[in-house]
Amino acid sequence: MEGPGLDQKQIDACRALSKSIRRDVLKMTWERKAAFIGTSFSCADILGVLYGGFYHQDDDLMIMSKGHGASAWYAALAEAGAFDRERLFKEFNVSGFHMGVHPKRNSLPGIRTSTGSLGHGLGLAAGAALAKKANNRPGRAYVILGDGECNEGSVWEGFLFAHRYGLDNLTAVIDRNRLQSYAHDDKVLDMGDMNEKLLAMGWDSVSVDGHDHAALWEAFARAARGRPMAIVANTVKGKGVSLFEDKVLWHYKWPEDEHYEQALKELEQA
């Protein structure tokens, strides 16, 4: 079944949701001295479109395979009404609560798998999609992967498995920011043209600007028949704040007061 058609009001709403996600992540990481702001900012637009127009809590499954993007996922869930938004600032990265820097299974509404040990999310999503088909259950399985995570062989086994079983109720999004934890991916293990690789493996795959809400919307709305769907979302790590963009330091570092003020100003002006 095709997804909802392109509507400018909905696109604007998704754009506003992405902005809110970045603003919430900035405050969370600044207040709680937590890492991974770069990877959370790079997937904020993906999450804005997914939760702004496509994800259905009752029927769908979402897995943040790149678990270090958890702060953006928490913010998306809160902004979408899964739980009180104020919990983001009271519980994130606080001992004794359930909002760690990596997601934990059943810790919050909408989080049904633990991730952070990279390379497993696609396999989990493919298994869930297969179970839905076997039991004639509605809904899709969505999974967001990091491109550095795709260095893992288990990810490519998952791609092959999904094609083998014709999992057309599975959508995998690769956050293609080209910057891993220590360097750009061409200096670590060059993944090359990931869209061409996925097409060759039998997936219905499309490469888009991962910060273009309309392009992301059209990609999520594609109706793959008998094949799993992949979106290679070309992004910039730290997108939205010039201080953070494409800098490996912000994989690990949290914003200090001066960084917070500069970043907040840029986000408000965007």
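Just so you know, these numbers come straight off a predicted model, no measurement behind them. Note that these values count all heavy atoms, side chains included, but never hydrogens, waters or copies made by symmetry.
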Asks: Would one find more than 12 heavy atoms of other residues, nucleotides or ligands at under 6.0 Å from atom OH of Y182?
Replies: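 Open: at most 12 neighbouring heavy atoms sit under 6.0 Å from OH of Y182.
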Asks: Could you walk me through whether D168 and M229 pass side chain to side chain contact (heavy atoms under 4.5 Å, CB included), step by step?
Replies: CA-CA 7 Å; D168 53 7; M229 180 68 210; over 6 Å; no
Asks: Hey, do the aromatic rings of H102 and F36 have their centres closer than 6.0 Å?
Replies: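 For H102 and F36, the ring centres are under 6.0 Å apart.
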Asks: Taking the six-membered ring of F97, is NZ or CZ of K90 closer than 6.0 Å to its centre and within 45° of its axis?
Replies: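 No, K90 does not sit over the ring of F97.
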Asks: Decide salt bridge (charged side-chain N to carboxylate O under 4.0 Å, His left out) for R85 and D24; before the verdict, give the C-alpha distance in whole Å, the side-chain angles of both, and the deciding distance to 0.1 Å.
Replies: CA-CA 9 Å; R85 178 173 167 271; D24 289 348; 2.7 Å; yes
Asks: Has S65 got a side-chain atom pairing as donor or acceptor with V143's backbone, closer than 3.5 angstrom?
Replies: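 It does not hold such a pair.
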Asks: Enumerate the residue pairs fulfilling salt bridge (charged side-chain N to carboxylate O under 4.0 Å, His left out) with a member in residues 190-216, sequence neighbours excluded, ordered by first and then second residue.
Replies: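 Qualifying pairs, neighbours excluded: D204-R222.
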Asks: Please identify each residue that fulfils ring-ring contact (aromatic ring centres under 6.0 Å, His included) with Y74, with sequence neighbours left out.
Replies: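 With neighbours one apart ignored, the set is empty.
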Asks: Partners of T39 by side-chain hydrogen bond (donor to acceptor under 3.5 Å, both in side chains), sequence neighbours excluded?
Replies: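 Partners of T39 by the side-chain hydrogen bond (donor to acceptor under 3.5 Å, both in side chains) criterion, ordered by chain and then number, come out as K66.
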Asks: Run the ring-ring contact (aromatic ring centres under 6.0 Å, His included) test against W254 and tell me which residues pass, sequence neighbours left out.
Replies: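 Here no residue qualifies.
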Asks: Table please: side-chain donor-acceptor pairs of residues 125-132 below 3.5 Å, with sequence neighbours left out.
Replies:
residue : atom : partner : partner atom : Å
K132    : NZ   : D59     : O            : 2.5
K132    : NZ   : P138    : O            : 3.0

Asks: Looking just at side-chain N and O atoms, do S18 and R15 make a donor-acceptor pair shorter than 3.5 Å?
Replies: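 Judged by distance alone, the side chains do not pair up.
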Asks: Holding to salt bridge (Lys or Arg N to Asp or Glu O under 4.0 Å), I want the full list of residues that pass it with R176, two or more places apart in sequence or in another chain.
Replies: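 For R176 the salt bridge (Lys or Arg N to Asp or Glu O under 4.0 Å) partners, ignoring immediate neighbours, are D147, D185.
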Asks: Once salt bridge (Lys or Arg N to Asp or Glu O under 4.0 Å) is applied, do any residues pair with R87, and if so which ones, sequence neighbours excluded?
Replies: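 R87: salt bridge (Lys or Arg N to Asp or Glu O under 4.0 Å) contacts with E91.
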Asks: Sequence neighbours excluded and cut-off under 3.5 Å, please list the side-chain donor-acceptor pairs for residues 152-166, or say none.
Replies:
residue : atom : partner : partner atom : Å
S154    : OG   : G119    : O            : 2.7
W156    : NE1  : C150    : O            : 2.7

Asks: Going by ring-ring contact (aromatic ring centres under 6.0 Å, His included), name the residues that satisfy it together with F92, two or more places apart in sequence or in a different chain.
Replies: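 Scan of F92 (ring-ring contact (aromatic ring centres under 6.0 Å, His included), adjacent residues dropped) gives none.
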Asks: Considering only distance and modelled atom types, tabulate donor-acceptor pairs under 3.5 Å from the side chains of residues 260-270, sequence neighbours left out.
Replies:
residue : atom : partner : partner atom : Å
Q262    : NE2  : E266    : OE2          : 3.3
E266    : OE1  : S242    : N            : 2.9
E266    : OE1  : S242    : OG           : 3.4
E266    : OE2  : S242    : OG           : 2.7

Asks: Please list, chain by chain and in numerical order, all residues satisfying ring-ring contact (aromatic ring centres under 6.0 Å, His included) with H98, sequence neighbours excluded.
Replies: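 For H98, no residue satisfies ring-ring contact (aromatic ring centres under 6.0 Å, His included) once neighbours in sequence are set aside.
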Asks: Residues two or more places apart in sequence or in another chain: which of them pass salt bridge (Lys or Arg N to Asp or Glu O under 4.0 Å) with E218?
Replies: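 If we apply the salt bridge (Lys or Arg N to Asp or Glu O under 4.0 Å) test to E218, skipping adjacent residues, there are no hits.
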